[in-house]
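Ligands are counted one by one from 1 in listed order, and the atoms in each one are counted from 1 as well. In this text the structure is predicted, and so the values were computed from the model without any measurement.
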Amino acid sequence: MSFRRIEDAPSGKTALVRVDFNVPMKDGAVSDDTRLRAALPTIHALQAKSCRIALLAHFDRPKGKRVPEMSLKPVAPALAKLLGATVAFADDCVGEAAKGVISALPAGGVILLENTRYHAGEEKNDPALAKEIAALGDFYVNDAFSAAHRAHASTEGLARILPAYAGKQMERELNALDAALGKPKRPVLGIVGGAKVSTKLDLLQNLIAKLDRLAIGGGMANTFLYAQGRDIGGSLAEKDMVDTARAIMDAAKGKCELLLPVDVVVATDVKPGAAARTCGLDGVGADEKILDAGPETVRRLLAAMDESATLIWNGPLGVFEVPPFDRATVDAAKHAAARAKAGALVAVAGGGDTVAALNHAGVADDMTFVSTAGGAFLEWMEGKALPGVEALRS
Ligand code: AMP
């Protein structure tokens, strides 16, 4: 996809940059600066253009009120430390005071503006608020993919008023997503796991239309097995979703090969170190639960990875938080990461539990790209247009 980039932006001007600074805080200080570090390439690129940089972000959900505990103020010193330079702070993202501090910045100077969600107009995408914010700068940069599924004043409204560009982190994310689902190298394999079919219906429907193969795992696979008439004992399943599961299997026929479990790991309890056993699909006892994919299923999945050029992954294959039911997820993650590291597979993964599972497997850094943007990543996998991204298209 083509979008405007920072390289296309003017020099020596004031940039309004939307970032994701919704960081974990403890005792009034930033406790994990991953998201601050993610913004550094964009800040540095704008500094190289001698621009003044005004950072816009939301923090938590103050719902249009000034909630002191939800101030972005503690973020300014944490960012200053990473930049090795002063970061000014303005206690509002609009108005004369902010304007004054911005105009006093030297070229390359950085200011953080207070929580955009202190204004009710932010989440309503109120054009009047967007206009007030826009008055503070010359152009707009969006570097917050994780907020791009929301049409808010600072994620979408501003792009209608000012020339708009994708930030460096946004650009990385869009390129990775394009390589996985937009214009992927084929064959493309998907893995969708997790608890339920009902929360990932749109996602499954979009993927079967786009992928060559789709492996279904986790609790949601149980619903598919049940729909095929298998006895799944006491496993988690959505029995009211069997018609939907059948419709997905029908729709996939001739288009996308579905890989469902051929063997499973079962136990009567979901406890660490629980007595678990592997069995075929006909061997699940009435009091047993399917908690992970079995070794033959994993072997077939790894073979499918070896035959694929691209992998897109969301959701664990089993109850990965409780060993030994992390086995299939960990083995699959290690194989995908090794193939990606060897340059044989473009492996893109995302979604909250998926990031946790890849970290648990110790391979998140070896994947081609891991998106930490929960909701935005899922909506993109569902094939939905993200308003914050659409606004950047050239
Ligand atoms: P999701 O948020 O939909 O990606 O679901 C992730 C959750 O699904 C994790 O907490 C897993 O423990 C859970 N899960 C995966 N496989 C199973 C299974 N076979 N039975 C019950 N829960 C599962």
(request) Would you please test F139 and Y165 for ring-ring contact (aromatic ring centres under 6.0 Å, His included) and show each step? (result) CA-CA 8 Å; F139 66 91; Y165 306 87; 5.5 Å; yes

(request) Walk me through it: do D282 and R230 pass the test salt bridge (Lys or Arg N to Asp or Glu O under 4.0 Å)? (result) CA-CA 7 Å; D282 295 325; R230 304 280 180 182; 3.1 Å; yes

(message) Test salt bridge (Lys or Arg N to Asp or Glu O under 4.0 Å) on D366 and K334; report intermediate values, then the result.
(response) CA-CA 9 Å; D366 290 338; K334 285 189 171 160; over 6 Å; no

(request) Please assess L211 against K255 for the test side chain to side chain contact (heavy atoms under 4.5 Å, CB included), listing each intermediate value before the final yes or no. (result) CA-CA 8 Å; L211 307 182; K255 285 191 206 139; over 6 Å; no

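Nearest protein neighbour of atom 6 (C) of ligand 1, counting heavy atoms only, is D353 OD2, 3.2 Å. Here the protein heavy atom with the shortest distance to atom 14 (N) of ligand 1 is G318 O, 3.9 Å. Considering only non-hydrogen protein atoms, atom 4 (O) of ligand 1 sits nearest to K200 NZ, 2.9 Å.
The closest donor-acceptor contact from the side chain of K49 to the backbone of A9 lies under 3.5 Å.
Checking only distances, I290 does come within under 3.5 Å of ligand 1, N or O to N or O. Residue contacts with ligand 1: N314 is placed with no nitrogen or oxygen under 3.5 Å of a nitrogen or oxygen of the ligand (distance criterion only). Ligand 1 has a nitrogen or oxygen under 3.5 angstrom from a nitrogen or oxygen of A195. By the 3.5 Å distance cut-off applied to N or O atoms, G194 is not counted among the residues near ligand 1. In terms of polar-atom proximity, T199 is not counted as a contact of ligand 1, lacking any N or O under 3.5 Å from an N or O of the ligand. In terms of polar-atom proximity, defined here as any N/O pair under 3.5 Å, E321 does make such a contact with ligand 1.
None of R18, R61, K63 except one satisfies the salt bridge (charged side-chain N to carboxylate O under 4.0 Å, His left out) rule with E122; the exception is R18.
The shortest separation from a heavy atom of M220 to ligand 1 is not under 4.0 Å, leaving the residue out of contact.
Residue V319 touches ligand 1 through backbone and side chain together, judged by heavy-atom distances below 4.0 Å.
With no hydrogens or angles considered, no side-chain donor-acceptor pair links T268 and D287 at under 3.5 Å.
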